[in-house]
Amino acid sequence: MSGAALAVVVVVVFFLALYLLHRYGDLRRQQRMVLLGTLMSWYLCFLIVFILPFDVTQIAFNACALRNQSLPSIVLKVCEEPWSYIPDGVLPVFWKVVYWSSQFLTWLLLPFMQSYARSGSFSRVGKIQTALFENAIYYGTYLLIFISLLIYVAAHPQWKLTWTELQTIGITAANTWGLFLLVLLLGYGLVEIPRAYWLSSSHSYLLAKIYFKVAKMAAEKAAAEENLADVMEEVGAVHESVRCNHSLRKCVETILTKCPTEYRENMARNAESFSGEQNVLPTKRGLVNLHKKVISTVQRHGQAQVQWSLLLDQAFHLEDVVKSQSGSVRHFVHSFPSAHHRGWIHRFIYTPTVEWYWECVIRQSFYKLLAVLLCLLSAAVVWSECTFFSTHPVLSLFAVFIQMAEKQYNYIFIEMVCFVSILFMCVCVYSTVFRIRFFNYYYLVPHHQTDAYSLQFSGMLFCRLTPPLCLNFLGLIHMDFAISHQDRIHTSYTSIMGSMRLLSFISDGFYIYYPMLVLLLCFATFYNLGSRCLNLLGFHQYISDDDVTSDLVDEGRELIRRGIFNAIFSVTESKKSRNKKNLFVYEIIF
């Protein structure tokens, strides 16, 4: 099995990253460089998470081999290689390639590609110039931080600034930035994920929350349609004013290709019948700004349309669940069956009877049990984050489990504890990254609706959060020598991080005490302090005991009823066109 486990994980993780990219991005329409940069950033971060348990197992095996070297041959203990054994020298090279590639992506390439993809310029040279100009301040800020740390180290004459120490300063700066954001996201996810599963066991809660989302999305959808109409009106004016023989006509044609088909057809008809006075000719800079505005507006309009239809489907499904629970027949009936309900899975495996038992009987208990297990994991993480600095006695629960298994050389248990704990922490952090929204600048939307800027921004966040997350986890299990101060074999991952003791105020202060803030953040999330503050600022969040929430729920319920009316109308009209006999049914319904 030498190296086989590593090869399998490398392949499986690649397809996991590719699946997520397919779910959120558009593999056919978006730029290849955008897709490649996002895929590589997600892939490298997932690799770090999935390979780290193997690194911890290697330490247990190497500790056994080292212990045998210091013991007489009579009392030697047989050191069996773990099933995931990786040959010596492979992991250090692997970590260097993965880590520095991810850092190159997050600090240099992805910010540049973000500006390049968002630019409204019509040529590659113009896009490159825009990207360089927008990132000048960005890169200058990082350079200033690095120089500040460099001056701090240079002020201590006992330290000699070698290339290795310069790397350590850069790694420390990046990890400090990541840890600052990591604790904020982790504190939210540790409470919100178990609570979300517990509340999701109630269909009435889910239905009320869907009504709330429908009401908010209706306003966003109307605003998106209005903005699109306004922008298309500007494009139409430019289309009429810039004639075919004008030097800027090629730029106008590029803008028209980004417009929806129905608007392009209307503009073409209006241009043929246009005989009035010519409008003021736009400038090249004006067309660049218009191009950028068209791209973002069309993207936002598409997102609103897809999200609206998805919310309607979810609302219809939950209403069907409520009806099935109160019904006497143990057979799930969909009010509006979609195409996937007629697939082979729903015909032979997930039949209406199986669906009824899952939705009306099993699901509620299963979600509550899962919520309890996740709550216990969250409590273990919070306790370990607040006590991992104590090595005598060992208070961190994860460190206790790992050390018990290490004494018995139970490699499977070590990997299971590492994998479950680090995967749970990653889910808490990554799910928050997928759920947060910064107005319309950053928003991950499934069903291939995420724009290039948001995809690359998520890749940047993953690359900045994953290394400090893994380093924090190694601290929880007392395998980060810079924090635990224990004299033991180092993992290959911590060896590439260098000696954090070079900056003692960070390794002995910030890295130890700042993670304790997760306890306060958990309390703030539990009492919905963040949501209540957003409510006060006018950004409405779902809070069950809020009057505005109740009004939006009622509004959403009414919108769903209108949606059902429109759906019945469209279905009946379709049947009516195919069969004149359905006219009688149509008159009865309406």
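Keep in mind that what you see is a predicted model, and the values were worked out from it rather than measured.
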With sequence neighbours left out, the residues meeting ring-ring contact (aromatic ring centres under 6.0 Å, His included) with F523 are none
Drop me the distance from H301's NE2 to M232's CE, to the nearest 0.5 angstrom. 10.0 Å
For K216, which residues count as a salt bridge (Lys or Arg N to Asp or Glu O under 4.0 Å) partner, sequence neighbours excluded? none
Taking the side chain as everything from C-beta on, heavy atoms only, tell me whether F46 gets closer than 4.5 Å to L20. yes
Please determine whether the number of non-hydrogen atoms from other residues, nucleotides or ligands lying under 6.0 Å from atom CD of Q325 exceeds 12. yes
Which residues share a ring-ring contact (aromatic ring centres under 6.0 Å, His included) with H22, sequence neighbours left out: H448
Check salt bridge (Lys or Arg N to Asp or Glu O under 4.0 Å) between E134 and all other residues, then give those that pass, not counting sequence neighbours. R118
Verdict with reasoning, L256 to H239, per side chain to side chain contact (heavy atoms under 4.5 Å, CB included): CA-CA 8 Å; L256 290 175; H239 176 59; 3.5 Å; yes
Would you call V125 and I128 a side-chain contact if the rule is heavy atoms closer than 4.5 Å? no
Minimum heavy-atom distance between V429 and L465, given as atom pair plus value: CG1-CD1, 3.8 Å
Euclidean distance, F366 CZ relative to R363 CZ, rounded to 0.5 Å: 10.5 Å
Looking at T254 and K250, would you say the former's side chain and the latter's main chain have a donor-acceptor pair under 3.5 Å? yes
Does V12 reach the side chain of F50, with side-chain heavy atoms less than 4.5 Å apart? no
Taking all atoms of both residues into account, what is the closest heavy-atom pair of Q456 and A117, and its distance? NE2-CB, 3.9 Å
Return the set of residues passing salt bridge (Lys or Arg N to Asp or Glu O under 4.0 Å) with E226 (not counting sequence neighbours), or none when no residue passes. none
For the side chain of T549 and the backbone of S544, is there at least one donor-acceptor N/O pair under 3.5 Å apart? no
How far apart are the closest heavy atoms of V238 and P282, and which atoms are they? CG1-CG, 4.0 Å
Check: S200 side chain, A196 main-chain N or O, donor-acceptor pair, under 3.5 Å: yes
Salt bridge between E253 and R249, side-chain N to carboxylate O under 4.0 Å? yes
Atom CZ in R435, atom CD1 in I193: separation rounded to 0.5 Å? 7.5 Å
Do you know the tightest heavy-atom contact between D545 and I543? OD1-CG2, 2.9 Å
Hey, does L559 have a side-chain heavy atom less than 4.5 Å from the side chain of Y211? no
Do any pairs count as a ring-ring contact (aromatic ring centres under 6.0 Å, His included) and have a residue in residues 184-204, sequence neighbours left out, and if so which ones? Y197-Y367
Could you note down all residue pairs passing ring-ring contact (aromatic ring centres under 6.0 Å, His included) where residues 113-136 supplies at least one of them, sequence neighbours left out? F122-H291
For R464 and W107: C-alpha separation, side-chain torsions, deciding distance, then whether side chain to side chain contact (heavy atoms under 4.5 Å, CB included) applies. CA-CA 9 Å; R464 297 180 190 185; W107 298 108; 3.6 Å; yes
Residue list, salt bridge (Lys or Arg N to Asp or Glu O under 4.0 Å) with E225, at least two apart or on another chain: K221
Does S335 offer a backbone N or O that forms a donor-acceptor pair with the side chain of D320 under 3.5 Å? yes
For P194 and G189, the nearest pair of non-hydrogen atoms, with its separation, is CD-O, 3.9 Å
What's the shortest heavy-atom distance between S324 and V333, and which atoms? OG-N, 4.1 Å
So among L312, V214, V445, which one has a side-chain contact (heavy atoms from CB on, under 4.5 Å) with Q307? V445
Would you please name every residue forming a ring-ring contact (aromatic ring centres under 6.0 Å, His included) with F212, sequence neighbours left out? Y542
Only pairs under 3.5 Å count here: list side-chain donor-acceptor contacts from residues 32-45, not counting sequence neighbours, and write none if there are none.
| residue | atom | partner | partner atom | Å |
| --- | --- | --- | --- | --- |
| R32 | NH1 | L27 | O | 3.2 |
| R32 | NH1 | Q30 | O | 3.2 |
| T38 | OG1 | V34 | O | 2.9 |
| S41 | OG | G37 | O | 3.2 |
| S41 | OG | T38 | O | 2.7 |
| W42 | NE1 | S458 | OG | 3.3 |
| Y43 | OH | V10 | O | 3.0 |

Dump the intermediate steps for side chain to side chain contact (heavy atoms under 4.5 Å, CB included) on H246 and L281, then the final yes or no. CA-CA 10 Å; H246 198 277; L281 289 175; 3.6 Å; yes
Calculate, to the nearest 0.5 Å, the distance between atoms CD and CG belonging to Q314 and L207 respectively. 11.0 Å
Indicate yes or no for a side-chain donor-acceptor contact from S101 to the backbone of V98 under 3.5 Å, with no hydrogens or angles considered. no
Side-chain contact, heavy-atom cut-off 4.5 Å: Y430 with V49? yes
Side-chain heavy-atom pair I422, C470 within 4.5 angstrom cut-off: yes
Ignoring hydrogens and angles, tell me if any N or O in the side chain of T450 forms a donor-acceptor pair with the backbone of L444 under 3.5 Å. no
I'd like to check the ring-ring contact (aromatic ring centres under 6.0 Å, His included) partners of Y24; sequence neighbours left out, ordered by chain and number. F434
Around F14, counting heavy atoms of other residues, nucleotides and ligands shown, do more than 12 lie under 6.0 Å from its CZ? no
Stepwise side chain to side chain contact (heavy atoms under 4.5 Å, CB included) check, I560 with F316: CA-CA 8 Å; I560 291 299; F316 295 156; 3.8 Å; yes
Heavy-atom distance under 4.5 Å between the side chains of N289 and K293, does that happen here? no
Below 4.5 Å, heavy atoms only, C-beta onward: do L374 and F424 meet side chain to side chain? yes
Identified side-chain contact (heavy atoms from CB on, under 4.5 Å) counterpart of V518 within the set L184, L190, V381: L190
Hey, can you pull the donor-acceptor pairs under 3.5 Å for the side chains in residues 526-537, sequence neighbours left out?
| residue | atom | partner | partner atom | Å |
| --- | --- | --- | --- | --- |
| N528 | OD1 | R195 | NH2 | 3.2 |
| R532 | NE | Y527 | O | 3.4 |
| N535 | OD1 | Q541 | N | 2.8 |

Measure the spacing between CD1 of I210 and CE of M217 and express it to the nearest 0.5 Å. 10.5 Å
Look at the side chain of R300 and the backbone N and O of A224, then say whether any donor-acceptor pair between them is shorter than 3.5 Å. no
So, the side chain of N472 versus the backbone of P468: is there a donor-acceptor pair under 3.5 Å, distance only? no
How many angstroms lie between CD in E192 and OG1 in T525, if you round to the nearest 0.5 Å? 7.5 Å
Output yes when a side-chain donor or acceptor of Q103 lies under 3.5 Å from a complementary backbone atom of L108, and no otherwise. no
Looking at V294, is its backbone amide N or carbonyl O close enough to the side chain of T297 to form a donor-acceptor pair, meaning the two atoms are under 3.5 Å apart? no
